[in-house]
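Worksheet for the structure shown next.
Here the structure is a predicted model, which is why all the values come from computation and not from measurement.
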Amino acid sequence: MGRFFKSALIATLTGLWTVSGMAEQITSEQMKAIDERVQDFKKDALRLSAEITQLENKLIYPSSTKVALFIKLAQGDKLRLDAVAIKIDGKNVTRYLYTAKELEALQRGGAQRIATENLRTGNHTIDVDVIGKSGGNSDYHQNSTLQFVKSEGAKLVEITISGTGSGIQSVDD
């Protein structure tokens, strides 16, 4: 009996060694093809994710009601923007705290899309609350109420902030 188990054990180990050798051969030959397929799957997943995001945005913000709000600093203004809070028609839309890099981008003339909302056509009121430091490094706080008209289709609204006040410009798409 002992000899039978020994022979069976040797045969099993020999078989496993042969199978593992074949697995290594298959793995080394097909690894590149498998890796390429995995990369293709990843690319497909990223593409599908981007398409789903676009479809979600079209559903959530249809072009007939879409309003995008942008913040800019007046050119050459020395205001150091710390925070902005925006209400539309009395409803809180966003509050935003600025980092040093974001402030630097705004001071170089950049614009920030701060919010996207759905609004019905007609007259609307935007309340902009700005907190920061003035050019003389004193505390700065200003609240401005601005009016705009939402017409049919997508609307872009640019809010320009300066140490002397805030202004609004709306641009139809």
Tell me whether K87 contacts the main-chain N or O of T125 through its side chain, where contact means a donor paired with an acceptor under 3.5 Å.
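Not confirmed, K87 side chain does not pair with T125 backbone.
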
Is the backbone of A45 close enough, under 3.5 Å, to the side chain of S49 for a donor and an acceptor to pair up by distance?
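No, the answer is negative, given that no donor and acceptor are paired below the 3.5 Å cut-off.
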
Could you work out, with salt bridge (Lys or Arg N to Asp or Glu O under 4.0 Å) as the rule, every residue matching D82, not counting sequence neighbours?
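D82 satisfies salt bridge (Lys or Arg N to Asp or Glu O under 4.0 Å) with R80 once adjacent residues are dropped.
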
Pairs in or reaching into residues 79-103: which pass ring pair (Phe, Tyr, Trp, His ring centres under 6.0 Å), with residues at least two apart or in two chains?
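Qualifying pairs: Y96-Y98.
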
If you compare all heavy atoms of [X] against all heavy atoms of [Y], which two are closest, and at what distance to 0.1 Å?
{"X": "L97", "Y": "A83", "value": "CD2-CB, 3.5 Å"}
{"X": "R113", "Y": "A68", "value": "CD-CB, 4.2 Å"}
{"X": "K150", "Y": "K155", "value": "CD-CB, 3.9 Å"}
{"X": "Q112", "Y": "L106", "value": "N-CD2, 4.1 Å"}
{"X": "G110", "Y": "K72", "value": "O-CG, 3.9 Å"}
{"X": "L79", "Y": "L103", "value": "O-CD1, 4.4 Å"}

What distance separates [X] [atom1] from [Y] [atom2], expressed to the nearest 0.5 Å?
{"X": "H124", "Y": "L119", "atom1": "NE2", "atom2": "CG", "value": "4.5 Å"}
{"X": "R47", "Y": "I52", "atom1": "CZ", "atom2": "CD1", "value": "10.0 Å"}
{"X": "I86", "Y": "I114", "atom1": "CD1", "atom2": "CD1", "value": "4.5 Å"}
{"X": "T116", "Y": "L69", "atom1": "OG1", "atom2": "CG", "value": "7.5 Å"}

Side chains of I159 and V84, heavy atoms from C-beta outward: is any pair under 4.5 Å?
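No, their side chains stay 4.5 Å or more apart.
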
Flag the pair L146 / V157 as yes when at least one side-chain heavy-atom distance between them is below 4.5 Å, and no otherwise.
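Side chain of L146 against side chain of V157, heavy atoms only: no contact under 4.5 Å found.
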
Would you indicate whether Q75, at its atom CD, is surrounded by more than 12 heavy atoms from other residues, nucleotides or ligands within a distance under 6.0 Å?
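Count not over threshold, so no.
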
Considering only distance and modelled atom types, tabulate donor-acceptor pairs under 3.5 Å from the side chains of residues 126-134, sequence neighbours left out.
residue	atom	partner	partner atom	Å
D127	OD1	T145	OG1	2.7
D129	OD1	H141	NE2	2.8
D129	OD2	H141	NE2	3.4
K133	NZ	D139	OD1	2.6
S134	OG	S138	N	3.4
S134	OG	S138	O	3.4
S134	OG	S138	OG	2.8

